[in-house]
Colleague: 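Okay, here's the structure, questions in a sec.
Scope of the values below: all heavy atoms of this structure, side chains included, with no hydrogens, waters or symmetry mates. Indexing begins at 1, ligand by ligand and atom by atom, following the structure's order. Numbers for residues simply follow the sequence, beginning at 1.
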Amino acid sequence: MFSPAWAAFASLLLPAAVLAQYNLVKEYAGQSFFDDWTFYNHFDNLTNGNVNFLGATDAFDDKLAFINEAGNAIMKVDNSSTLKFNQNRNSIRISTKDQFTVGSVWIADIRHVPYGCSVWGAFWSSAPTWPLGGEIDTFEAVNQDYYSHMGLHTNPGCTHSSDAVQSSKLINSTDCSVQANGNQGCIVSNPTPSSYGADFALTGGGVYVTEFAIDGISIWYFNRSSIPSVLQGNVSSINTQQLGIPVANWPADDCAINQFFQPQELVFDITLCGDYAGASSVFFETCTGVCYDDWVLGDPSHYDTAYFEVSYVRVYGQPGELTVLQGSSGRRSAEVQTVAALFLFALGSLYAFAQFL
Ligand SMILES: *[C@@H]1O[C@H](CO)[C@@H](O)[C@H](O)[C@H]1NC(C)=O
Ligand SMILES: *[C@@H]1O[C@H](CO)[C@@H](O)[C@H](O)[C@H]1NC(C)=O
Ligand SMILES: *[C@@H]1O[C@H](CO)[C@@H](O)[C@H](O)[C@H]1NC(C)=O
Ligand SMILES: *[C@@H]1O[C@H](CO)[C@@H](O)[C@H](O)[C@H]1NC(C)=O
Ligand SMILES: *[C@@H]1O[C@H](CO)[C@@H](O)[C@H](O)[C@H]1NC(C)=O
């Protein structure tokens, strides 16, 4: 059955090398930015923050999620309500309806990130089954941190390899296991001085590129004045080999990507206090007072800077691979249909070829 001719034919169908070329498969931008996300619609029972994550209708009615005049998506914490003791502050947590497999890259152009005492904002991804399917944090920071950071969270056995090829020298922790170091994850700080806070906003933010590849996970960050031409405009394809050395890199040699990661949903969320921002060891590094009493219950203007402003999120997939798993909408994307057609065509060809043998 298995002949050299057969192997040669198979090699035409299955590229051997890991490709760095990706084509646009999904865009979240402009007036339709929010169309394909799920709004959490529940209080923060995930990280114990003092927020209610609104459902879509309330989020739009209360203008905590909207498209601004510049055409960018805003996701913000309620900064107008004065709360009574025991109440939570309204906020946003959205996750994509679609999931993206290994062989995907997501690019987010972010102009403002949430910051301030008690604030914990993140742009990240996770498999629906956690920690089995892994978590990739592209942007995360709390309170008045100086640096934002990136990191992975997985089942035990995945670590940040010393062979990583990355520009950041700020490696905070190397064990990605949720069971190690109080689930700190394997963290790399973004060394750009303007990676968070007012400086991030003043310099116009920047573009994050997250590559979820079989040979490793890599993150690039480009501030507004250093965005490479290959990422400018609405590019229909990208090649990550043209982006230079990533700021953070977790090679597969110490973290088998297929073993520790499953298809990912992208998430934006802003919580307040909770397991991380509110942990006293973390909170008192940059803030004073009592996280809930003095900040969440305090002057709502504390939250004037607690918002994301995002120009776009675009997801790219390896050509010919089924990289977009459709969510609750049940639609099949053009890419999926193309892949299905190619697959049927390949099956048909194989069958014809097998007959020929
Ligand atoms: C959080 O609440 C939602 C909605 O009730 C529920 O489906 C989910 O299981 C809860 N999660 C946790 C971790 O308690
Ligand atoms: C990571 O290390 C940097 C540099 O030492 C430090 O400023 C930062 O607070 C650390 N971040 C975390 C999340 O531990
Ligand atoms: C933007 O990035 C460039 C290249 O890394 C760097 O030289 C510059 O200092 C950065 N600017 C800011 C404001 O962080
Ligand atoms: C970006 O390009 C894609 C096609 O490649 C198109 O569907 C989409 O509408 C474009 N987005 C914008 C904001 O122009
Ligand atoms: C809330 O914050 C926004 C900026 O994010 C500001 O424009 C607005 O005036 C603030 N609202 C109130 C009621 O202070």
Colleague: Using the test side-chain hydrogen bond (donor to acceptor under 3.5 Å, both in side chains), find all partners of Asp294 that sit at least two apart in sequence or belong to another chain.
Modeller: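 Asp294: no side-chain hydrogen bond (donor to acceptor under 3.5 Å, both in side chains) contacts found.
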
Colleague: Is Tyr40 close enough to touch ligand 1? Criterion: a residue heavy atom under 4.0 Å from a ligand atom.
Modeller: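 Tyr40 counts as a contact of ligand 1 under the 4.0 Å cut-off.
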
Colleague: Does CG belonging to Leu170 count more than 12 external heavy atoms closer than 6.0 Å?
Modeller: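 Yes, the 6.0 Å shell around CG holds more than 12 heavy atoms from other groups.
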
Colleague: Taking the hydrophobic residues Ile, Leu, Val, Met, Phe, Trp and Tyr, and joining any pair whose side-chain heavy atoms are under 4.5 Å apart, which ones share a cluster with Leu202?
Modeller: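 Same cluster as Leu202: nobody, lone residue.
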
Colleague: If the condition is ring pair (Phe, Tyr, Trp, His ring centres under 6.0 Å), which residues does Phe308 pass it with, not counting sequence neighbours?
Modeller: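 Partners of Phe308 by the ring pair (Phe, Tyr, Trp, His ring centres under 6.0 Å) criterion, ordered by chain and then number, come out as Phe268.
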
Colleague: Give a yes/no on whether the SG-to-SG distance for Cys158 versus Cys186 is below 2.5 Å.
Modeller: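 Unbridged: Cys158 and Cys186.
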
Colleague: State the atoms of ligand 3, each with its element, that fall below the 4.0 Å cut-off from a heavy-atom position in Thr203.
Modeller: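 Selected atoms, number and element: 13 (C).
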
Colleague: Tell me whether Ser194 has any N or O atom under 3.5 angstrom from an N or O of ligand 3.
Modeller: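 Yes, there is a polar N/O contact under 3.5 Å.
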
Colleague: Mind checking what residues have non-hydrogen atoms under 4.0 angstrom from ligand 4?
Modeller: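 The 4.0 Å shell around ligand 4 contains Leu24, Glu27, Asn234.
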
Colleague: Can you list the atoms of ligand 3 that are under 4.0 Å from a heavy atom of Ser226?
Modeller: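 Within the 4.0 Å cut-off of Ser226, ligand 3 contributes 2 (O).
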
Colleague: Checking contacts here: is it the side chain or the backbone of Phe43 that comes within 4.0 Å of ligand 1, counting heavy atoms only? Could be both or neither.
Modeller: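 For Phe43, no heavy atom sits under 4.0 Å from ligand 1.
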
Colleague: If you count the atoms of ligand 3 from 1 in the order shown, which ones are under 4.0 Å from a heavy atom of Asn223?
Modeller: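 Within the 4.0 Å cut-off of Asn223, ligand 3 contributes 1 (C), 2 (O), 3 (C), 8 (C), 10 (C), 11 (N), 12 (C), 14 (O).
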
Colleague: May I ask you to test the Leu46-Arg93 pair for a side-chain heavy-atom distance under 4.5 Å?
Modeller: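 Yes. Closest side-chain heavy atoms under 4.5 Å.
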
Colleague: Within the 4.0 Å heavy-atom shell around Thr192, which atoms of ligand 3 are there?
Modeller: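 Going through ligand 3 atom by atom, the ones under 4.0 Å from Thr192 are 14 (O).
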
Colleague: Should Tyr208 and Trp220 be marked as a ring-ring contact (aromatic ring centres under 6.0 Å, His included) after you check the CA-CA gap, both sets of side-chain angles, and the distance that decides it?
Modeller: CA-CA 6 Å; Tyr208 272 104; Trp220 288 259; over 10 Å; no

Colleague: Rounded to the nearest 0.5 Å, what separation is found between the CH2 atom of Trp106 and the CH2 atom of Trp124?
Modeller: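 So the gap between those two atoms works out to 12.0 Å.
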
Colleague: Kindly confirm or rule out a cation-pi arrangement of Lys63 over Phe60, judged by NZ or CZ under 6.0 Å from the six-membered ring centre and within 45° of its axis?
Modeller: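 Not flagged: Lys63 not positioned over aromatic ring of Phe60.
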
